[in-house]
Amino acid sequence: MRVSRLMLVTLRDDPAEAEIPSHKLLLRAGYIRRVGSGIYAYLPLLWRVLQKISAIVREELNGTGALETLLPQLQPAELWQRSGRWAGYTAGEGIMFHLEDRQGRELGLGPTHEEVITALAGDLLRSYRQLPVNLYQIQTKFRDEIRPRFGLMRGREFIMKDAYSFHADEACLKQTYAAMDQAYRRIFSRCGLRAVAVEADSGAIGGSASQEFMVTAEAGEDLILASGDGRYAANQERAVSLPADAVPLPGGARAGGSGDALPTPAQSAIEALCSAHGFDPSQTVKVLLLLARFEDGCLQPLLVSLRGDQQLNEVKLANAVSARCSSEHGTLLEITPLTAEAAAKEGLEPIPFGFMGPHLEDAVLSGARSWQPRFLRLADATATALQSFVCGANSLDTHRVGASWGALCPAPESLDLRAAQPGDRCLHDPAQQLQASRGIEVGHIFQLGRKYSAALEATFTNEAGQDEPLWMGCYGIGVSRLAQAAVEQHHDANGICWPTAIAPYEVIVVIANVAEAPQRELGEQLYGAFQAAGIDVLLDDRSERAGVKFKDADLLGIPWRVVVGRGAADGQVELVQRASGERSDVPASAVLAQLQVHLERERAGLLSA
RNA sequence: CGGGAUGUAGCGCAGCUUGGUAGCGCACUUCGUUCGGGACGAAGGGGCCGCAGGUUCGAAUCCUGUCAUCCCGACCA
């Protein structure tokens, strides 16, 4: 391709709309344009990148025996109602774009395809003899994100590879899951990405085991916690760790175990309380009030006890609340803090916020207009493990010192609700500490089990002649996000440095001065020779000054640059590697052979490294 | 949804406090000089100043509303 014909528009200044390097560079170098919030046009250069990524994905998945297919994006609500996800995905914080057709029938734009594929599988897969099957597609997904951001990182319309596997038993599912794990590692390596696999929360998709693949980058939206020995890595949403030891409360349990009253005027924050009385935060129990909203409209107040020095992990809490309430009230839609304003609106007596203890009685909820009249009481294990502690006395400006479970109130159910923190000791080896890094989630694989197949009655006949639900796995890769993640990981002050395997073009031949016939002729000749050799080559034939063309070549990030300039008359050209900046003078007759050696190796991505 | 910010030419910005009918740099067009790291000079084209009301003789500028975009958050009282 000739640059003069490429519709190339590069920007000198960073567009105001972009914040992170990869987003700025993709805009500046003419790879993308914003059409709306979270909606981007993939310009010809980026489309080549996306196709190269897709080709790698296809090769690796086809290699595992997976079948490529293409499913509809317009999906009937009925399908989602059968799986039980319609309300959760369309109401509240739901992310599914949905609409009505002319007959008034409801439809959704596919944010994911479990429903469609499972219904198809139920229809087509009848015997264990057909299993296992793994189907995948690469297509646009639609998600009405709460907050789209960072260009392609979190778009409302984006390209995803999603795969779904079907099995006769769990062991077979685990095999395919492991095969996909391996395929994913190869895919990211071949794309030239440093990616790590981490344990993950399976979120709204559901199912049991799940693992995310993170491209490590400062601008990542996710926090990864990993042990120094490399044996444990998890998303913070999911991570487990050993909490710091609590400092024992001097004097132990007092006044029959329900504690002594202590005047604590205006000391509603743990920090203020501790500094005023010399307590350690780990000697206190803090109480959080929250409100869970369910699909059926039920509003359930939550009372969560945590050790004062610990932080709540909302994802763990949401999972715990779902497990306890969803069979009765349907999908958990959201959990919000229970505020004084909301309580007043509900017609309740004032609640002593800032001075609450775990013994706060359900009576404070009496007279509630729409809330359930009882708290769902949950506690983190760090709180229930305390022999004696400091907590609010449930009246303003007062705490209790030396309270203990049982005497004060029954200990609530003890769970893991705390957020693991960097510096925490690891479960697998207390000598190891968790270290934090940031990551961009580019892939996620799940063992779904039979959640969807049971809901959608997708069954097969087993060897014994009985019908049972299919075992399922699902596996996603954010193709467009991966492209931007690659830029985030591979750029410098001058622009993008694409890994060769996914670069839009592998080589750019720059004619320094097109007014010079020898340069022009040699440039054209090399361009033709590279094309004939199967190299993806760009020819910068524009009548710009050399400096402009060099700047643009750097910005675009083409891995190799061949400069045809002053030496052209003597048959000499310059070969420059974009990422390293290394340059050498090479006879024009030898440059193709040299390039082929480099490209041969680089096309494999990091696999060869 | 809560908070913050910004909307002026394709991009980046100034002008707004103190109302008088729009400017700079880049990009674009033409000509000349230049020609290996975003050249210089000259001449041009392009804007209902996000939109709608209001105040005023007069609004980019003041007031009200609205829309859009970006950032932070939606977690500990």
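A, B, ... follow the sequence lines: proteins, then strands. Residue 1 opens every chain.
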Measure from NZ or CZ of A:Arg85 to the centre of the six-membered ring of A:Tyr89, then state whether that distance is under 6.0 Å and the direction lies within 45° of the axis. yes
Whichever of A:Val564 and A:Gly36 has the more 5' nearest nucleotide on RNA chain B, that residue is A:Val564
Whichever of A:Asn494 and A:Asp14 has the more 5' nearest nucleotide on RNA chain B, that residue is A:Asp14
Can you find a side-chain donor-acceptor pair between A:Ser305 and A:Arg377 that sits under 3.5 Å? no
Hey, are A:Thr382 and A:Gln310 close enough side-chain-wise for a donor-acceptor pair under 3.5 Å? no
Is any side-chain N or O of [X] closer than 4.0 Å to OP1 or OP2 of [N]?
X: A:Thr336; N: B:rA74; value: no
X: A:Arg12; N: B:rG12; value: no
X: A:Arg28; N: B:rG12; value: no

Considering only [options], which nucleotide approaches the side chain of [X] most closely?
X: A:Glu17; options: B:rG36, B:rC70, B:rC76; value: B:rC70
X: A:Asp13; options: B:rC70, B:rG12, B:rC75; value: B:rG12
X: A:Glu19; options: B:rC70, B:rC76, B:rG36; value: B:rC70
X: A:Val548; options: B:rC11, B:rA39, B:rC70; value: B:rA39
X: A:Gln311; options: B:rC11, B:rA39, B:rC76; value: B:rC76
X: A:Phe150; options: B:rG37, B:rA74, B:rC72; value: B:rC72
X: A:Arg147; options: B:rG38, B:rG36, B:rG73; value: B:rG73
X: A:Ala16; options: B:rG36, B:rC13, B:rG73; value: B:rC13
X: A:Glu314; options: B:rC70, B:rC75, B:rA77; value: B:rC75

Partner nucleotide of [N] by Watson-Crick or wobble geometry (both distances under 3.5 Å):
N: B:rC28; answer: B:rG44
N: B:rC70; answer: B:rG4
N: B:rU18; answer: none
N: B:rC13; answer: B:rG23
N: B:rU33; answer: B:rA39
N: B:rU56; answer: none

Could you tell me whether [X] and [Y] make a salt bridge, using a distance below 4.0 angstrom between a side-chain N and a carboxylate O?
X: A:Arg307; Y: A:Asp380; value: no
X: A:Glu157; Y: A:Lys141; value: no
X: A:Asp201; Y: A:Arg238; value: no
X: A:Asp541; Y: A:Arg520; value: no

Can the ring centroids of A:Tyr505 and A:Trp498 be said to lie less than 6.0 angstrom from one another? no
When all nucleic acid strands are considered with a 4.0 Å heavy-atom cut-off, which category describes [X]: base, sugar-phosphate, or nothing?
X: A:Arg561; result: base
X: A:Gly565; result: base
X: A:Glu574; result: base
X: A:Arg418; result: nothing
X: A:Val563; result: base
X: A:Leu338; result: base
X: A:Leu317; result: nothing

Quick one: A:Leu555 CG to B:rG37 C1', roughly how many Å, whole number? 13 Å
What is the distance from CG of A:Leu556 to P of B:rG37, rounded to the nearest Å? 19 Å
Expressed in whole Å, how much space separates the [atom1] atoms belonging to [N] and [M]?
N: B:rU17; M: B:rG7; atom1: P; result: 15 Å
N: B:rG54; M: B:rG12; atom1: P; result: 33 Å
N: B:rC11; M: B:rC63; atom1: C1'; result: 32 Å
N: B:rG20; M: B:rG25; atom1: P; result: 22 Å
N: B:rG47; M: B:rU56; atom1: C1'; result: 25 Å
N: B:rG50; M: B:rG15; atom1: P; result: 15 Å
N: B:rA39; M: B:rC26; atom1: P; result: 11 Å
N: B:rC28; M: B:rC51; atom1: C1'; result: 28 Å

Minimum side-chain heavy-atom gap A:Pro263-A:Thr398 below 4.5 Å: no
Is any side-chain heavy atom of A:Arg33 closer than 4.5 Å to a side-chain heavy atom of A:Val9? yes
What pairs of nitrogen or oxygen atoms, one from the protein and one from nucleotides 31-35 of chain B, lie under 3.5 Å apart?
| from | atom 1 | to | atom 2 | distance (Å) |
| --- | --- | --- | --- | --- |
| B:rU34 | O2 | A:Arg545 | NH1 | 2.8 |
| B:rC35 | O2' | A:Asn513 | ND2 | 3.0 |

Look at the aromatic rings of A:Tyr40 and A:His23 and report parallel, tilted or perpendicular, splitting at 30° and 60°. perpendicular
Can you list, pair by pair, the side-chain donor-acceptor contacts under 3.5 Å of residues 558-576 of chain A, counting residues two or more places apart and other chains?
| from | atom 1 | to | atom 2 | distance (Å) |
| --- | --- | --- | --- | --- |
| A:Trp560 | NE1 | A:Glu602 | OE1 | 3.0 |
| A:Trp560 | NE1 | A:Glu602 | OE2 | 3.4 |
| A:Arg561 | NH1 | A:Asp554 | OD1 | 3.3 |

Closest approach of A:Ile39 to A:Arg156 (non-hydrogen atoms, all atoms of both residues): CD1-NH2, 3.8 Å
In B/S/- notation, 5' to 3', how is nucleotides 40-45 of chain B contacted by protein heavy atoms closer than 4.0 Å? ------
